[in-house]
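Since the structure comes first, as structure tokens, the remarks are kept for the end.
Predicted model, so just to flag it, every value in this text is computed and none were measured.
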Amino acid sequence: MKRPSAAVIGLVVSAGFCVGFTGYLIYVGLRPDAPSGFATPAEIYLGGGGLLAGVLGLAVFLGLVLRPAEPMRDQMPADDETPRV
């Protein structure tokens, strides 16, 4: 990847989605200790979709950030070209 800063920004935004939509789902009443039924289906779909987008974004951008760097092919001699001394 030529611009690793874009992957880091995407990683931060995806983490923000995860935290934000988890907080939203807790705010609308989907807590483990609360009886369910307070949230409407639209709120559940909105929160769940945002949380899913955040998790998938984390997977994609974390994969881009942690991918090993490609070797620079311009500076390396080709296999059939051995340097002569």
Check your understanding: So which of L66, V12, L11 actually passes side-chain contact (heavy atoms from CB on, under 4.5 Å) with F61?
Key ->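 Of all the options given, the one that passes is L11.
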Check your understanding: Do R67 and L64 have side chains that get closer than 4.5 Å, going by heavy atoms?
Key ->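 Contact flag for R67/L64 side chains = yes.
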Review point. Taking the side chain as C-beta and beyond, is there a heavy-atom pair between L51 and Y24 under 4.5 Å?
Key: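 No - every pair of side-chain heavy atoms lies 4.5 Å or more apart.
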Review point. Taking only residues two or more places apart in sequence, or in another chain, which ones meet I44 in a side-chain contact (heavy atoms from CB on, under 4.5 Å)?
Key: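 With neighbours one apart ignored, the set is L30, A39.
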Per-pair distances, 0.1 Å, donor-acceptor, side chain in residues 13-23, under 3.5 Å, sequence neighbours excluded:
residue, atom, partner, partner atom, Å
S14, OG, G10, O, 2.9
T22, OG1, C18, O, 2.6

Review point. Using links of under 4.5 Å between side-chain heavy atoms of ILVMFWY residues, direct or through other members, which residues join L52 in one cluster?
Key: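 Same cluster as L52: L56.
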